[in-house]
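Only one structure is covered here, and it is reproduced in the block below.
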Amino acid sequence: MPEILRRTLRDVFRHMTRARLALLPVLAVMLLLAATPLMAPAQAAAQAADEDGYALWLRYAPLPGAARAQLQAQARTVVRLAPASPTTDAAMAELQRGLAGMLGKAPATGNTVADGALVLARAADLPDTVRSSLALADAGTEGYVLRRTRLQGKNVFLIAANSDIGLLYGSFAWLRAAASGAPLESASAPALKLRVLNHWDNPDRTVERGYAGQSIWDWWALPDIVDARYLDYARANASLGINGTVLNNVNAKAEMLSPAFIAKAAALAGVFRPYGIRVYLSVRFSTPLELKETATADPLDPQVRAWWQREADEIYRAIPDFGGFLVKANSEGQPGPQDYHRTHVDGANMLAAALAPHNGAVMWRAFVYAPGGTKTDDRAKQAYDEFKPFDGRFAPNVLVQVKNGAIDFQPREPFHPLFGAMPRTPLMMEFQITKEYLGFSTDMAYLGPLFQETLAANTHHGSPPLSVADVLQQAPGKLTGMAGVANIGSDRNWSGSHFDQANWYAFGRLAWNPRGDARAIADEWAAQTFSRDTAVRGAVTGMMMVSREAVVNYMTPLGLHHMMGTGHHHGPAPWVDNLERPDWNPVYYHRTARDGIGFDRTATGSNAIAQYAPALAAQLADPRTTPEQVLLWFHHLPWDYRMASGRTLWQELISHYDRGVRQARDMQAQWAALAPAIDARRHAETAARLQRQAANAQLWRDACIAYFQSVSGLPLPAGVAPPAHDLDHYRKLRFPYAPGNG
């Protein structure tokens with residue numbers, strides 16, 4: 001056991017009689033740290049020979065000779081000037097772990113400053129002259145500064161912050177730079193306050209839209225048995241600056257607010273607390289009614305309001321730093337305030353009032369669409385129609401959580417029109433990290449470009465015009481945030497495939513800095529996950545940057561969307577037209593007919609473009625000024641419409657499908673060429689998925705072309721290979737027991 005952990009455990013036991021209950025979570029974390037000892041060099045080498053992906057981007061692989069010597073000079077010892085706490089203990093333990101892996105030996109620790117020391121210090125621990133040179137005021141409560149400097153007459157490398165959690169984030173940032181070969185000196189602070197994972201995990205350990213095994217939360221064993229994996233989950237999230245986790249599915253069960261489940265959540269909160277991670281719960285709006293505590297769930301009923309207040313008080317007694325509630329209401333059959341002829345404001349503000357005395361937040365999802373699809377002629381308009389009129393009426397501790405696009409996490413969507421349209425309401429971005437519509441955990445699709453594309457989009461609201469990232473950061477009041485639907489499960493590699501780990505990573509890095517660059521993030525991840533070698537990381541990054549566009553090309557090019565089969569959301573089925581709700585059918589969205597293809601959202605159709613700022617709406621009204629990437633999202637066009645390439649729309653559509661297949665095969669070949677540079681196990685596992693992806697791409701291409709040709713009656717362009725089978729073959733395909741239906 002490392003000495004720092006031995007001393008901490010000794011101190012915890014010494015004070016148990018004075019603060020037994022308060023220290024139990026700390027003790028649990030320290031025991032978990034002790035149960036995962038630092039790897040010796042021989043163990044690290046063995047891991048590199050046969051890696052299973054469990055270490056994620058925190059592999060801390062041995063550095064080559066020159067880089068090792070340079071790093072050794074910056075960390076001959078690790079010194080903590082900040083007072084001991086569970087969080088600074090975690091920072092010290094991580095630095096020892098990382099340096100042991102990269103250098104082959106963990107440096108000594110202590111509290112005596114010497115030349116070559118790596119020093120952790122808060123602003124309050126530093127002399128005025130040093131503190132004033134660091135501009136720590138810009139770091140806020142969570143940021144950090146990494147600097148070479150003179151301290152107590154010695155040359156040191158300083159990890160400085162205003163708080164313990166800032167020191168932990170700074171320690172991870174220093175290790176990230178060391179592992180990836182980036183400059184060690186930097187300064188950073190998060191742009192958003194809430195950086196939260198949404199787990200769509202159910203009490204029975206199934207995961208809705210999860211493709212990496214069971215839920216990592218073993219609800220049956222909790223709170224008595226605390227899996228050591230929970231600590232590694234906390235480490236991984238803290239390394240990215242993620243500071244919140246919603247433990248359960250937005251399609252919530254009332255039992256999640258029972259005393260038994262609150263105790264289980266409290267056990268997890270105790271593990272996460274030293275890593276700056278607060279727990280949240282998704283709540284079912286009708287919980288008091290379903291638990292037979294009230295006769296109604298009407299948010300204006302005094303008994304209902306009193307029940308939620310008592311429930312919040314009980315939760316905070318068990319979890320003093322509880323984050324708050326996530327709510328899905330009046331969507332896809334979930335109960336909500338509209339069941340009682342109340343509004344989203346009535347429902348959200350009732351919960352906000354219960355949480356406000358405890359500084360808790362309500363994240364109220366804007367993903368709503370009416371039962372039966374009867375409220376509007378276009379499902380894409382419904383969230384705007386329901387929420388825009390309430391701008392400025394939500395309580396200060398309410399964030400309206402808005403999906404990146406107006407339909408449902410499609411491979412490509414234009415940004416949601418609510419961004420920029422509610423300037424008096426904090427809006428929280430909701431991205432999907434798990435790939436519900438992008439090939440499960442089978443197909444490689446790095447989502448960094450999707451996230452960046454949305455965040456960088458110009459809303460044309462404001463002066464100067466605001467990007468979506470600007471809207472998130474400039475939300476009124478104290479609350480800003482970004483949420484990601486997690487892709488984490490019980491699979492040994494966490495995410496179902498090795499490359500899907502990059503989407504978790506990219507979400508965390510962009511939640512910290514919404515103006516980050518997807519390519520730089522991919523390169524940073526590749527260096528830590530596979531190799532620092534310039535050629536290797538460059539090849540891996542190149543594949544990643546192509547991968548999402550490849551999926552768009554062979555699934556839903558030119559703005560097509562929602563063309564998957566019933567239930568599984570995986571294979572192609574653009575022909576489906578027999579489902580109960582119109583807006584569950586792919587034909588509702590692509591509107592393929594003899595005269596053309598695409599959904600008319602201009603003034604001659606649903607007029608959804610009117611929900612965007614006037615300047616943008618004017619651009620989208622004309623197909624010639626609409627970006628071709630989303631052309632068929634906004635326009636129904638004839639098959640012979642002339643594209644920028646000079647090809648007809650029919651020819652261009654087929655060209656995209658063929659390009660997607662080529663891109664999938666190219667990635668397969670590029671990965672094969674990397675075999676000498678990647679450990680055998682991870683290379684083989686990824687190669688198998690890329691082979692499957694190439695087959696998936698061909699299936700999507702052939703099935704869609706067969707269907708579109710059957711409707712359009714057009715011949716295939718010269719030189720284009722016909723689908724391998726007739727349309728009837730593809731219509732008969734079934735995908736039973738597909739994972740992730742929850």
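The first residue of the sequence shown is numbered 1, and numbering continues consecutively from there.
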Cation-aromatic face contact R601/F599, 6.0 Å, 45 degrees = yes
Sidechain N-carboxylate O distance under 4.0 Å for [X], [Y]:
X    : Y    : value
K193 : E142 : no
R548 : E453 : yes
E413 : K403 : no

Would you check if the distance from the ring center of [X] to the ring center of [Y] is below 6.0 Å?
X    : Y    : value
Y169 : Y144 : no
W217 : H199 : yes
F409 : Y437 : no
W584 : Y589 : no
H570 : F440 : yes

When rounded to the nearest 0.5 Å, the distance separating CZ of F261 from CD1 of I315 is 13.5 Å
Within 6.0 Å of NZ in K388, more than 12 heavy atoms from elsewhere | yes
Sidechain-backbone polar pair: D517 side chain, R519 backbone, donor-acceptor under 3.5 Å | yes
Please examine the side chains of F285 and M350, heavy atoms only from C-beta on, and report whether any two atoms are closer than 4.5 Å.
-> yes
With a 4.5 Å limit on heavy-atom distance, are the side chains of R365 and S282 in contact?
-> no
Does the side chain of D408 pick up a donor-acceptor pair with the side chain of Q432 at under 3.5 Å?
-> no
Qualifying salt bridge (Lys or Arg N to Asp or Glu O under 4.0 Å) pairs, either residue in residues 198-208, two or more places apart | R205-D218
Of all the heavy-atom pairs spanning H561 and T556, show the shortest one and how long it is.
-> CA-CG2, 4.1 Å
For the pair Y280 and L247, evaluate side chain to side chain contact (heavy atoms under 4.5 Å, CB included) and give the outcome as yes or no after the intermediate values.
-> CA-CA 6 Å; Y280 298 75; L247 299 175; over 6 Å; no
